Amino acid sequence: KAGVTQTPRYLIKTRGQQVTLSCSPISGHRSVSWYQQTPGQGLQFLFEYFSETQRNKGNFPGRFSGRQFSNSRSEMNVSTLELGDSALYLCASRWASGGPTYNEQFFGPGTRLTVL
Amino acid sequence: GDSVTQMEGPVTLSEEAFLTINCTYTATGYPSLFWYVQYPGEGLQLLLKATKADDKGSNKGFEATYRKETTSFHLEKGSVQVSDSAVYFCALRELERGAQKLVFGQGTRLTINP
């Protein structure tokens, strides 16, 4: 079974631009979550999507948004990029439909975003 | 809100040494607890988990026991290998209205020297 895939793996943008990152969950997984990893703040939860609906959002400004499609693939968007947005963005998927492993999240390799 | 505190790193050990990485948490109720590992250039991999008090999670020689009295979930391994060099994250799961999020500790970088 293929794991969680994220594209692109690396991205360089300049301040003020916007960026869209993509995540394809494990087949059959219906929930997708996004996390930001930085050396200073560590791993922080951005949001979770399930059945195309955002179910939970972390403490991030409105510049950070996301969506989920009917095939469970998800995208996150960051507008008006700032230097502090440079980070590894990790996507995770889970089954979220009950069962003994419903709460286990499987992470993708991440997208490394650098803002210059 | 809930939080997780891990021991300060980095940690450097010799091969075959005993490993302990301390983790304590603050939470309402009794959340599920996890240890994740991140190898260079990769995402997070679930190493082990425990879903209730006194549960012991184990995998690849690593163990951790959910201690509600001390709100701890320390990671241990009896004999480390060079291949165990990675960053280790302790985490708890928050549930809110069916939505789930993981709250992570700051991570502990482990280096094993041959």
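What you are looking at is a predicted structure, and each value in this text was computed from that prediction instead of being measured. The sequence lines fix the lettering, A, B, ..., with proteins before strands; numbering per chain opens at 1.
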Just checking [X]: does its [atom1] atom have more than 12 heavy atoms from other residues, nucleotides or ligands closer to it than 6.0 angstrom?
| X | atom1 | result |
| --- | --- | --- |
| R15(A) | CZ | no |
| Y39(B) | OH | yes |
| E15(B) | CD | yes |
| R9(A) | CZ | yes |
| N59(A) | CG | no |

Mind checking whether Y36(B) and L43(A) have side chains closer than 4.5 Å, heavy atoms only?
-> no
Side-chain touch K101(B)/E48(A), heavy atoms, less than 4.5 angstrom | no
Which answer fits [X], side chain, backbone, both or neither, if we ask what part of it has an atom under 4.5 Å from a heavy atom of chain A?
| X | result |
| --- | --- |
| Q38(B) | side chain |
| L44(B) | both |
| E42(B) | backbone |

Distance-minimising heavy-atom pair for Q100(B) and F45(A) = O-CE1, 3.9 Å
Which bit of Q37(A) comes within less than 4.5 Å of chain B, counting heavy atoms only: side chain, backbone, both or neither?
-> side chain
If one checks every heavy atom of Y35(A) against chain B at 4.5 Å, the contacting part turns out to be side chain
Do F34(B) and Y25(B) belong together in a cluster built from hydrophobic side chains that touch within less than 4.5 Å?
-> no
